[in-house]
Student: 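Handing you a structure now.
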Amino acid sequence: KGSYEEFPPTIVDFAIRDRRWMQGNLQHLRLLGAPGLHWASRLHLLIGASAFLTSPAWLLLIGVTIALAFFGQEQAVRDVTPPGVLWLTIALLFGAKIMGMIWIVADRERRREFGGIRAVLKSVAVDIPLAMLMAPVTMVNQTRALVGLLVGREAGWSTQAREAQEMRMCDILPSLKEHIVLGLLFASVAFFDPITAIWLSPLTIGLLTSPWLVARTASTQGARRSSQRSLFRVPEPTITDAGREKRLLT
């Protein structure tokens with residue numbers, strides 16, 4: 001009673017919760033061989049754990065691509081990244097956003113609750129570049145968390161922060177050393193393979209601007225300005241009588 005779960009108010013708090021969830025989901029791998037589990041349950045546990053392995057796999061793929069480019073194997077880079085992979089990646093990254101936007105604008109009442117079609121389109125236009133900047137930051141956070149768990153550092157179970165808090169860039173920088181170093185490494189690719197560097201540029205920009213991104217998204221003043229411009233407006237959550245009855249039955 002009285003318990004609730006909200007999205008963490010800052011990227012730092014999100015990373016702390018993500019590491020805790022990673023530890024829990026990876027522990028589920030021990031249950032895959034347990035007797036009596038339905039195959040669907042085993043698949044569910046495997047998918048939950050593998051979700052946190054995609055970031056290290058992505059970083060490994062980027063590292064292999066950079067190594068191939070460094071040793072002059074540009075053709076090999078093109079062979080491992082056929083056009084179909086690019087279009088599939090775009091569909092996976094933006095398909096859910098587009099379907100969500102269509103779902104909102106297709107109904108007049110939903111459009112009103114989300115601030116109108118203009119507010120929805122503006123929010124999507126801002127969300128896409130922010131998501132692109134955030135993706136490499138999450139990649140490094142999850143990879144660092146996985147390495148920490150492998151060497152025996154427990155994630156712990158501290159109380160989640162629920163209130164917004166201002167963060168200064170000078171306080172953030174020490175915890176983003178890996179992000180900055182990796183961003184500089186990606187930027188250095190331009191010296192021996194400009195084409196690969198262009199492909200890496202969204203990741204490079206996201207990593208090098210990560211201190212600004214963390215501080216900016218934690219700013220309460222920025223949140224107020226976004227609200228005034230009807231950005232990221234969502235309806236207030238409500239629990240109907242039918243919802244209460246369903247919760248009691250379950």
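Computed from heavy atoms alone, side chains included, the values below leave out hydrogens, waters and symmetry copies.
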Student: Can Trp199 and Thr65 be said to form a side chain to side chain contact (heavy atoms under 4.5 Å, CB included), step by step?
Tutor: CA-CA 11 Å; Trp199 280 99; Thr65 302; over 6 Å; no

Student: Quick one: CZ on Phe14 to CD1 on Ile11, what's the gap to the nearest 0.5 Å?
Tutor: 9.0 Å

Student: To the nearest 0.5 Å, tell me how far Ser201 OG sits from Phe186 CZ.
Tutor: 11.5 Å

Student: Looking only at non-hydrogen atoms, find the nearest pair between Leu208 and Leu184 and report the distance.
Tutor: CD2-N, 3.8 Å

Student: Between Lys97 and Ile128, what is the shortest heavy-atom contact and its length?
Tutor: CD-CG1, 4.1 Å

Student: Of all the heavy-atom pairs spanning Pro202 and Pro136, show the shortest one and how long it is.
Tutor: O-CG, 4.4 Å

Student: Looking at every non-hydrogen atom in both residues, tell me the closest pair between Leu146 and Pro56 and how far apart they are.
Tutor: CD2-CG, 3.5 Å

Student: For Thr10 and Asp13, which I'm curious about, is there any donor-acceptor pair between the side chains at under 3.5 Å?
Tutor: yes

Student: Can you tell me how far OG of Ser41 sits from NE2 of His28, rounded to the nearest 0.5 angstrom?
Tutor: 12.0 Å

Student: Honestly curious: do Leu68 and Phe191 fall in one hydrophobic cluster under the side-chain, below-4.5 Å linking rule?
Tutor: no

Student: Side chains of Leu59 and Leu182, heavy atoms from C-beta outward: is any pair under 4.5 Å?
Tutor: yes

Student: Do Leu133 and Leu207 come close enough that some side-chain heavy atom pair is under 4.5 Å?
Tutor: no

Student: As an exercise, state the distance from CG of Leu43 to CG of Leu46, rounded to the nearest 0.5 Å.
Tutor: 6.5 Å

Student: Tell me whether Trp58 is reachable from Val147 by hopping between hydrophobic residues (I, L, V, M, F, W, Y) whose side-chain heavy atoms are closer than 4.5 Å.
Tutor: no

Student: Are Val124 and Ile117 joined in one hydrophobic group, where the rule is that I, L, V, M, F, W and Y side chains link up if heavy atoms are under 4.5 Å apart?
Tutor: yes

Student: Within a strict 4.5 Å, meaning less than it, do heavy atoms of the Asn141 and Arg144 side chains meet?
Tutor: yes

Student: On a heavy-atom basis, which atom in Gln142 and which in Ser55 lie closest, and how many Å separate them?
Tutor: OE1-OG, 2.6 Å

Student: Are Val189 and Phe70 connected in the hydrophobic side-chain network, where two residues link if heavy atoms are under 4.5 Å apart?
Tutor: yes

Student: Quick check on the hydrophobic clustering: are Leu176 and Ile205 connected, directly or via other members, by side-chain heavy-atom contacts under 4.5 Å?
Tutor: yes

Student: Determine, stepwise, if the pair Asn25 / Leu45 fulfils side chain to side chain contact (heavy atoms under 4.5 Å, CB included).
Tutor: CA-CA 7 Å; Asn25 281 27; Leu45 294 175; over 6 Å; no

Student: With heavy-atom distances below 4.5 Å as the criterion, would you say the side chains of Arg19 and Gln23 are in contact?
Tutor: no

Student: What pair of heavy atoms forms the shortest contact from Gly48 to Phe52, and how long is it?
Tutor: O-CD1, 3.5 Å

Student: Can you measure from CE (Met134) to OG (Ser210) and round to the nearest 0.5 angstrom?
Tutor: 10.0 Å

Student: I'd like to check Leu185 versus Val181 (side-chain heavy atoms, cut-off strictly below 4.5 Å). Are they in contact?
Tutor: no

Student: One pair to check against side chain to side chain contact (heavy atoms under 4.5 Å, CB included): Glu178 and Thr143. What are the steps and the verdict?
Tutor: CA-CA 10 Å; Glu178 297 91 342; Thr143 302; over 6 Å; no

Student: Under 4.5 Å between any side-chain heavy atoms of Met139 and Ile62, yes or no?
Tutor: yes

Student: Any side-chain heavy atom of Leu37 within less than 4.5 Å of one from Leu32?
Tutor: no

Student: Go through Arg118 and Arg111 one step at a time and tell me if the side chain to side chain contact (heavy atoms under 4.5 Å, CB included) criterion holds.
Tutor: CA-CA 9 Å; Arg118 185 176 179 182; Arg111 289 199 302 269; over 6 Å; no

Student: Taking the side chain as everything from C-beta on, heavy atoms only, tell me whether Val12 gets closer than 4.5 Å to Val214.
Tutor: yes

Student: May I ask you to decide whether Arg112 forms a salt bridge with Glu109, counting only side-chain N to carboxylate O separations under 4.0 Å?
Tutor: yes

Student: Could you grab the distance from atom CG of Asp193 to atom CD1 of Ile66, nearest 0.5 Å is fine?
Tutor: 10.0 Å

